Amino acid sequence: MTTATVGKKRASRLNFTNLFRWVVGSVAVVVIFYGSIKSVASGRLSWAQWRDLMVFGVAQGSVYALIAMGYTMVYGVLRFINFAHGEVFMSGAMIGYFVADALNRAGIWNEQPVVSLLIVLLVSMTTATSIAVILERVAYRPLRGAPRLIPLITSIGASFTLQYLFRGLFGAGTKAYPPMAAIQGKWIIFGIPILKSQVIVIGSAIVVMAGLYLFVEKTKTGRSMRAVAEDPETAALMGINVDGTIVKVFAVGGAMAGVAGALWTLVFPTVNFFSGFLPGIKAFTAAVLGGIGNIFGAMLGGVSLGMFESVGPSLVLGGYEVPAFNQLKDVVAFSALVLVLIFRPTGILGERLAQERG
Amino acid sequence: MTTNHEPILELRNVSTHYGPIQVLRNVDVELYQGEIICLLGGNASGKTTTLKTILGYVVPSDGEVRLDGEKVSGLSTKELVVRGISMVPENRRLFKRMTVRENLNMGSYLRTDKDGIAEDLEGVFKLFPRAKERLNQRAGTLSGGEQQMVAVGRALMARPKVLLMDEPSMGLAPILVAQNFEIIQQINEAGVTVFMVEQNANMALSIADRGYVLQTGQIVLSDTAEGLLANPAMKKAYLGELD
Ligand SMILES: Nc1ncnc2c1ncn2[C@@H]1O[C@H](COP(=O)(O)OP(=O)(O)OP(=O)(O)O)[C@@H](O)[C@H]1O
Ligand SMILES: [Mg+2]
């Protein structure tokens, strides 16, 4: 083939891609805009209801963001998606349940709500961190240096293994966290009444993510993680223990998933062996949305995704009188992902990581 | 020459494999305290592999690396950096998303002597005033020459006894190449033994004490710098076009 025809082909494909983007983009903008106007104008929801949907979206989105940290940080150092990370999250929520149940039966749960929640949080974090570290050691470390597809497939296997391990150990039934009186009702924050559970979720997520940010940016260990993410060979030549750093990344990601597990149950107080699947996929979506490998991106992606799926169905689909639009939040979430990837394949804040590191 | 002393760094009969492929064959190299030694050789002859073997990044399949008369092959890179070997990698390899300051800190990553680190940082600033001006700039946005300075500074922050340099003048403008070799001499005068890989054989040999020539993983020639510069075989193979 001559260079001229190659050039021609490339040019025409590029035009087609651009045309495709342009068409999809215009259609999406029109559909979203028209639907939003119609549903707002219909007055089906009051301003307060819209506001509650948004707050709920932020709460759920901050949990996604916490889980997304694990995906994005592990991707940063190993360039693969740990699909078992949803199960790491589930393990925290699951073991947390047994502790909550025990505390409840001992009468501590409602007597000492703050202490109880802190204990559940600690247990959830410890469990998730341990599972993440064991996973790295058993499933991923032996595959270091193998083609990237191999650990990816392994992680899917690990995901099933953990699900059915938990099912085998604790049964298939759904376990309900004991209700806690102290977190029922609302607090008035800046004049807005917000569910207490949501305030706790959003507040804790902000504190934990700020802590993570400082850890990664300001501490020596954080710096070594960034060094390994950017250039593992050079990091090793500086004397950094690359394997040790990777374990720490899994540990931090696991701890974040543990926090997420504990917080999730404040909003959705049930857990079973399959509970990690959907939040895991959503958090992965959030990480990709924000730009995989980028911690800020994962935060942004998580909160955006939470908002999209909370507000989106009523706002966009409601405008078209789509039946049962409230049950279509997953459709909205994944459509948002598809749209972002069409227009910005690297995600909102993504750099071309894969190209930077061969 | 100080041949009656023990070498500070020595490769004895070192062979290195990548999987089944042998890259180094029975390499013998000796560095004495205070020397500048140059390792010459064509592309893919195994120069970078020699340096990586010294730093423990790859483990020799045969022979041994000795530091201060003690066998160190088999130790981790971390251990070797702590014992006083550091490296300016090929193509500088700065952490581009980190600031200059963070890059320099990576060099002293394994050290705990705060005062010593601060002192060495001042030393680096004295050598490279430019680095000080650009401390908070992202390394990826530095010019090639500036990146070279930071890469050398980063290696010095480990306070090495032996400094390994992999093609330090690669990709630099001629004026910067000359400056670069001056800096290497200054570092050496401060007591650091330098082992540098170079393609720029003429310039390198002009500051080196001795040199080795590597060909498909074997040392085929080793002599004083003057000897190598005068060697007809060398002239033809490595110095020819530059004369
Ligand atoms: N990680 C590796 N795995 C397999 N083979 C390798 C690896 N690294 C280097 N090699 C091979 O070893 C040989 C020597 O490589 P090395 O990088 O040491 O050469 P070099 O002399 O530094 O070359 P250059 O002048 O191009 O930098 C080459 O044939 C190279 O392909
Ligand atoms: Mg090389």
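No experiment lies behind these values; they were computed from the predicted model shown. The chains referred to below are lettered A, B, ... by the order of the sequence lines, with proteins before strands, and numbering in each begins at 1.
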Q: Could you tell me which residues in residues 208-227 of chain A have at least one non-hydrogen atom under 4.5 Å from a non-hydrogen atom of chain B, sorted by residue number?
A: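 Only A:Glu217, A:Lys220, A:Thr221, A:Arg223, A:Ser224, A:Arg226, A:Ala227 of residues 208-227 of chain A have a heavy atom under 4.5 Å from chain B.
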
Q: Need one label for B:Phe95: side chain, backbone, both or neither, based on atoms under 4.5 Å from any heavy atom in chain A.
A: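 Both backbone and side chain.
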
Q: Give, as side chain, backbone, both or neither, the part of B:Leu80 having an atom under 4.5 angstrom from any heavy atom of chain A.
A: neither

Q: I need the full list of side chain to side chain donor-acceptor pair (under 3.5 Å) pairs touching residues 84-95 of chain B, with sequence neighbours left out, sorted by first then second residue.
A: A:Asp231-B:Arg93, A:Thr234-B:Arg93, B:Thr48-B:Glu90, B:Arg92-B:Gln148

Q: Just so I understand: if I count every heavy-atom pair under 4.5 Å between each of B:Leu55, B:Leu51, B:Thr77 and chain A, which residue has the most?
A: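 Greatest number of close heavy-atom pairs with chain A: B:Thr77.
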
Q: List the atom of B:Val81, the atom of A:Leu237, and the distance in Å for their closest heavy-atom pair.
A: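 Minimum heavy-atom separation between B:Val81 and A:Leu237: CG2-O, 4.0 Å.
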
Q: Do the non-hydrogen side-chain atoms of A:Met238 and B:Tyr109 ever get within less than 4.5 Å of each other?
A: no

Q: Against chain A, label B:Asn103 side chain, backbone, both or neither, depending on which of its atoms sit under 4.5 Å from a heavy atom there.
A: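 Neither part.
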
Q: Under 4.5 Å, heavy atom to heavy atom, which residues of residues 149-168 of chain B contact chain A?
A: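 Result: B:Arg154.
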
Q: Can you list everything that forms a salt bridge (charged side-chain N to carboxylate O under 4.0 Å, His left out) with A:Asp243? Sequence neighbours excluded, please.
A: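 Partners of A:Asp243 under the salt bridge (charged side-chain N to carboxylate O under 4.0 Å, His left out) test: A:Arg144.
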
